[in-house]
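Take a look at the structure below.
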Amino acid sequence: MPIPAQLSKTLRLPLIAAPMFLISSPRLALACCKAGIVGSFPALNQRSSDGFEQWLVQMNDELANWQQRHPAKVTAPYAVNLVVHRTNPRWQPDLELCVKHQVPIVITSLGAASQVVDAVHSYGGLVFHDVTNQKHARKAAEAGVDGIIAVSAGAGGHAGTTNPFVLVHEIREVFDGAILLAGGLSHGEDVLAAQALGADLAYMGTRFINTEESEAEDAYRNMIIEAVSADIIHTPAVSGVPASFMRQSLEAAGFDMQALGKAGDVNYGEKLKPMDDEAKAWKTVWSAGQGVSQIHDVVSVEALVNRLMEEYQSARSRLL
Ligand SMILES: Cc1cc2nc3c(=O)[nH]c(=O)nc-3n(C[C@H](O)[C@H](O)[C@H](O)COP(=O)(O)O)c2cc1C
């Protein structure tokens with residue numbers, strides 16, 4: 001399956017910098033788009049729909065301006081993440097704003113709703129949906145999404161537990177649209193490996209926490225530099241659904257390491273409250289994927305994308 005037509009000529013590398021709670025903002029997303037890869041942020045990184053709308057206006061204005069000033073450069077489109085869950089009162093008003101401002105790509109988590117697909121397709125946008133298993137991939141295919149994000153074992157955030165080789169093939173069995181592979185990717189050769197496996201695009205989160213444009217504090221980025229894959233603990237204890245966190249930050253936050261198997265309550269609306277448990281948890285307990293072991297620096301997005309390009313090209317020429 002080729003990359004959707006809307007994307008094929010607008011990317012330097014088949015890569016999306018994934019949306020991350022409390023980490024991605026227009027600053028990071030704009031830097032990605034200007035560097036030629038898809039940049040993104042979750043709608044819930046703004047506390048209100050009004051604030052979210054301001055971000056959309058900023059994205060559209062700055063990218064239009066940039067394209068005008070740099071007509072020869074490849075400028076990638078941006079994406080917005082909507083958590084489609086009954087406990088998130090924002091998803092419908094935020095979807096209306098995506099339609100109003102014609103957000104090029106909407107990334108949905110949890111619910112794969114045909115309502116979202118119809119709304120985004122009405123203006124020519126694309127919908128990509130996060131899954132961790134074949135059952136949810138089938139539902140997303142039925143809802144008519146354009147792309148499915150295979151969130152495999154070892155990913156940051158709400159990671160899956162399935163091996164990427166297996167997950168991509170399982171999704172391909174039930175879906176002939178674009179597949180995006182997520183989970184531990186951090187080098188240019190990983191992007192090529194994702195394509196070799198049958199994915200159309202690569203999806204990287206943790207690698208982009210350690211960029212100058214992310215909202216992460218220095219201690220978070222330093223912990224990523226120090227951490228290895230064995231430090232990533234996949235536990236439902238922090239946010240109710242299993243997610244990946246660095247052992248060092250769980251310990252520093254005083255978590256009982258023996259009790260990490262117990263789930264808490266799931267409530268995405270809680271992300272909206274200024275000092276709610278969820279936001280406090282993700283602020284003090286830092287999420288990251290197993291790719292931490294491959295991250296040794298903090299660089300600008302532009303430098304990172306240039307490096308990923310070089311690694312991708314050198315891996316391709318090595319294989320030819
Ligand atoms: C700190 C952090 C926050 C995240 N927040 C979100 C989020 O709000 N919405 C979402 O769809 N995915 C979220 N994710 C998951 C990423 O979008 C992506 O699937 C994942 O980071 C890919 O795996 P990698 O980190 O190993 O590259 C988050 C990931 C991290 C590390």
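All ligand and atom numbering here is 1-based and tracks the order in the structure.
The nearest non-hydrogen atom to atom 15 (C) of ligand 1, considering only G156, A18, A153, comes from G156. Atom 25 (O) of ligand 1 has its nearest heavy-atom neighbour, among V83, T206, D130, in T206. When the options S186, P19, A216, G205 are ranked by their closest heavy atom to atom 17 (O) of ligand 1, first place goes to P19.
Where the criterion is an N or O separation shorter than 3.5 Å, residue side chain and backbone included, N81 meets it with respect to ligand 1. Polar contact with ligand 1: absent for M204 (N/O pair, distance under 3.5 Å).
Close to ligand 1: W282, with a non-hydrogen atom less than 4.0 angstrom away. Between G291 and ligand 1 there is no heavy-atom distance shorter than 4.0 Å. Heavy atoms of F128 stay at 4.0 angstrom or farther from ligand 1.
Side-chain contact between H129 and K139 is absent, with no heavy-atom pair separated by less than 4.5 Å. Between I232 and F245 there is no side-chain heavy-atom pair separated by less than 4.5 Å.
In terms of hydrophobic clustering, with Ile, Leu, Val, Met, Phe, Trp and Tyr side chains grouped at heavy-atom distances under 4.5 Å, V299 and F208 are assigned to a common cluster.
Counting heavy atoms closer than 4.0 Å to ligand 1, residue P42 contributes side-chain atoms (C-beta onward) but none from N, CA, C or O.
Y78 and F41 have parallel rings, their planes meeting at less than 30° on a 0 to 90° scale where 60° marks the start of perpendicular. Using bins of under 30°, 30° to 60° and over 60° for the plane-to-plane angle, the ring pair W286/Y220 lands in the parallel bin.
None of I148, V131, I171 except one satisfies the side chain to side chain contact (heavy atoms under 4.5 Å, CB included) rule with H136; the exception is V131.
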